[in-house]
K.L.:
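Take this structure, written in structure tokens, and hold onto it; I'll ask about it next.
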Amino acid sequence: MNTATQNLENDHVYILQLCDVMLQMVEQKSQETAHFELVVQLIKNFADGLHHAKEEDLLFPLMGTKGFSKEQGPVAVMLHEHVQGRNYVKGISKGIEALKSGNKGSIQVIYENLSGYAHLLQGHIDKENNILFRMADDVLSDEEQKYLLSKFNIIDEDGNTELNSKKSIQNINKLAAVYLD
């Protein structure tokens with residue numbers, strides 16, 4: 001049976017690929033403002049807008065009904081790390097704006113925040129895939145998994161917006177072709 005947690009793990013494959021791209025942008029000392037902006041868009045729309053919304057709006061509240069607190073424990077850690085990730089994205093965005101205004105030194109701010117986000121998410125995803133999602137699999141019934149999966153599929157297939165999963169994955173693959181091949 002395809003499960004909600006498998007759907008989230010499938011998203012993680014592309015988010016990790018984006019993290020690899022980000023680290024290569026830093027390694028290669030990219031100066032491509034358009035690529036930095038696309039990374040921010042992909043994080044905001046796909047990693048945070050779609051994926052984290054599935055977790056924060058659907059999975060975590062359902063896990064809350066099973067005794068998982070938002071204030072402490074594994075769900076609380078994940079929520080805290082989502083906030084940390086958003087702060088890195090703000091740092092990238094501020095660095096881009098400063099760079100576009102002529103502040104060449106702000107490229108270092110972009111690199112630091114790209115690296116920080118990528119490393120945070122790599123660890124975050126490892127914890128979700130190997131700990132939190134296994135806990136969810138243990139406590140969620142087949143019906144609850146199916147319910148979540150149906151809601152996730154609606155989110156994924158939203159075709160009239162840039163949040164669309166398919167469009168985001170295409171853009172991640174385009175960046176990967178530049179930085180990872």
K.L.:
Starting at CD of Gln122, measure out to NE2 of His124 and round the result to the nearest 0.5 Å.
P.N.:
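Taking CD in Gln122 and NE2 in His124, the distance rounds to 12.5 Å.
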
K.L.:
How close do Glu71 and Ala76 get, counting heavy atoms only, and between which atoms?
P.N.:
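Closest heavy-atom pair between Glu71 and Ala76: C-CB, 3.5 Å.
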
K.L.:
If hydrophobic clusters are built by linking Ile, Leu, Val, Met, Phe, Trp and Tyr wherever their side-chain heavy atoms come under 4.5 Å apart, do Val40 and Met22 end up in the same one?
P.N.:
yes

K.L.:
On a heavy-atom basis, which atom in Ala136 and which in Thr5 lie closest, and how many Å separate them?
P.N.:
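Scanning both residues, the minimum pair turns out to be CB-CG2, 4.0 Å.
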
K.L.:
Donor-acceptor check, side chain of Gln28 to backbone of Met25, threshold 3.5 angstrom: yes or no?
P.N.:
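No; zero donor-acceptor contacts below 3.5 Å.
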
K.L.:
Do the side chains of Ser141 and Lys146 get nearer than 4.5 Å, heavy atoms only?
P.N.:
no

K.L.:
Measuring only between side-chain heavy atoms, which start at C-beta, is Asn153 closer than 4.5 Å to Asn7?
P.N.:
yes

K.L.:
Rounded to the nearest 0.5 Å, how far does CD of Gln24 lie from CG of Leu114?
P.N.:
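One gets 12.0 Å once the value is rounded to the nearest 0.5 Å.
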
K.L.:
With distance as the sole test, does Ser106 use its side chain to make a donor-acceptor pair with the main-chain N or O of Asn103 at under 3.5 Å?
P.N.:
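Yes, the answer is positive, given that a donor and an acceptor are paired below the 3.5 Å cut-off.
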
K.L.:
According to a 4.5 Å side-chain heavy-atom criterion applied to Ile, Leu, Val, Met, Phe, Trp and Tyr, with indirect links allowed, do Ile92 and Ile107 form part of one hydrophobic cluster?
P.N.:
yes

K.L.:
Quick one: are Val75 and Ser69 in side-chain contact, heavy atoms under 4.5 Å?
P.N.:
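Not in contact.
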
K.L.:
What do the steps show when you test Asn171 against Leu38 for side-chain contact (heavy atoms from CB on, under 4.5 Å), and what is the final call?
P.N.:
CA-CA 8 Å; Asn171 282 321; Leu38 181 55; 4.1 Å; yes

K.L.:
Is it true that Lys66 and Glu144 make a salt bridge, defined as a side-chain N closer than 4.0 Å to a carboxylate O?
P.N.:
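Glu144 and Lys66: salt-bridged.
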
K.L.:
Roughly how far apart are Leu50 CG and Ser165 OG, rounded to 0.5 Å?
P.N.:
4.5 Å

K.L.:
Decide whether Asn113 and Asn87 meet the rule of one side-chain donor and one side-chain acceptor closer than 3.5 Å.
P.N.:
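Distance-only check fails for Asn113 and Asn87.
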
K.L.:
Going by the rule ring-ring contact (aromatic ring centres under 6.0 Å, His included), which residues pair with Tyr111 if we only count those two or more places apart in sequence or in a different chain?
P.N.:
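Tyr111: no ring-ring contact (aromatic ring centres under 6.0 Å, His included) contacts found.
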
K.L.:
Is there a chain of hydrophobic side chains (I, L, V, M, F, W, Y, each step under 4.5 Å between heavy atoms) that links Leu149 to Leu58?
P.N.:
no

K.L.:
With rounding to the nearest 0.5 angstrom, report the CD to CD distance, Glu9 to Glu128.
P.N.:
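One finds 9.5 Å between CD of Glu9 and CD of Glu128.
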
K.L.:
Mind checking ring-ring contact (aromatic ring centres under 6.0 Å, His included) for Phe68 and listing every partner two or more places apart, or none if nothing turns up?
P.N.:
none

K.L.:
For Gly95 and Val109, work out which heavy atoms get closest and say how close.
P.N.:
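Where Gly95 meets Val109 most closely, the heavy atoms are CA-CG1, 4.2 Å.
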
K.L.:
May I ask you to decide whether Lys100 forms a salt bridge with Glu37, counting only side-chain N to carboxylate O separations under 4.0 Å?
P.N.:
yes

K.L.:
Show your working on side-chain contact (heavy atoms from CB on, under 4.5 Å) between Leu18 and Ile43 and close with a plain yes or no.
P.N.:
CA-CA 9 Å; Leu18 182 59; Ile43 294 170; 3.9 Å; yes

K.L.:
Mind running side-chain contact (heavy atoms from CB on, under 4.5 Å) on Glu81 and Lys127 for me, showing each step along the way?
P.N.:
CA-CA 11 Å; Glu81 289 180 358; Lys127 287 182 268 193; 2.4 Å; yes

K.L.:
Over 60° means perpendicular and under 30° means parallel, so classify the ring planes of Phe46 and Tyr14, tilted if in between.
P.N.:
perpendicular

K.L.:
Are any of the side-chain nitrogens in Lys54 or Asp11 under 4.0 Å away from the carboxylate oxygens of its partner?
P.N.:
yes

K.L.:
Calculate, to the nearest 0.5 Å, the distance between atoms CG and CG belonging to Asp156 and Asn10 respectively.
P.N.:
9.0 Å

K.L.:
Between Phe133 and His12, is the ring pair (Phe, Tyr, Trp, His ring centres under 6.0 Å) condition met? List the steps.
P.N.:
CA-CA 12 Å; Phe133 294 166; His12 283 168; 5.5 Å; yes

K.L.:
In residues 172-181, what donor-acceptor pairs under 3.5 Å come from side-chain atoms, sequence neighbours left out?
P.N.:
from: Asn173; atom 1: ND2; to: Ile169; atom 2: O; distance (Å): 3.3
from: Tyr179; atom 1: OH; to: Ser30; atom 2: OG; distance (Å): 2.9
from: Tyr179; atom 1: OH; to: His35; atom 2: ND1; distance (Å): 2.6

K.L.:
Could you check whether Glu55 pairs with Lys151 (Lys NZ or Arg NE/NH1/NH2 to Asp/Glu carboxylate O, under 4.0 Å)?
P.N.:
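Not counted as a salt bridge, because no side-chain N and carboxylate O are separated by less than 4.0 Å.
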
K.L.:
I need the minimum non-hydrogen distance between Leu42 and Ser168, along with the two atoms involved.
P.N.:
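Closest heavy-atom pair between Leu42 and Ser168: CD2-O, 3.5 Å.
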
K.L.:
For atom CD of Glu27, decide whether the heavy atoms of other residues, nucleotides or ligands shown that lie under 6.0 angstrom number more than 12.
P.N.:
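Count not over threshold, so no.
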
K.L.:
Begin from the C-alpha positions of Gln72 and Val77 and carry the test side-chain contact (heavy atoms from CB on, under 4.5 Å) through to its verdict.
P.N.:
CA-CA 7 Å; Gln72 61 186 12; Val77 171; over 6 Å; no

K.L.:
Transitively linked via ILVMFWY side-chain contacts under 4.5 Å: Ile125 with Val39?
P.N.:
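Yes; tracing contacts between hydrophobic side chains, which count when under 4.5 Å, links both residues.
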
K.L.:
Same cluster for Leu140 and Phe152 if Ile/Leu/Val/Met/Phe/Trp/Tyr side chains link at under 4.5 Å?
P.N.:
yes

K.L.:
Of all the heavy-atom pairs spanning Ala47 and Tyr117, show the shortest one and how long it is.
P.N.:
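Looking at all heavy atoms of both residues, the shortest contact is CB-OH, 3.6 Å.
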
K.L.:
Determine whether Gln145 and Asp137 satisfy the following criterion, side-chain hydrogen bond (donor to acceptor under 3.5 Å, both in side chains), listing intermediate values before the conclusion.
P.N.:
CA-CA 8 Å; Gln145 286 271 9; Asp137 289 341; 2.9 Å; yes

K.L.:
Answer yes or no: is there a side-chain heavy-atom contact under 4.5 Å between Met78 and Phe60?
P.N.:
yes

K.L.:
Just how far is it from atom CG of Leu62 to atom CG of Asp57, taken to the nearest 0.5 Å?
P.N.:
13.0 Å

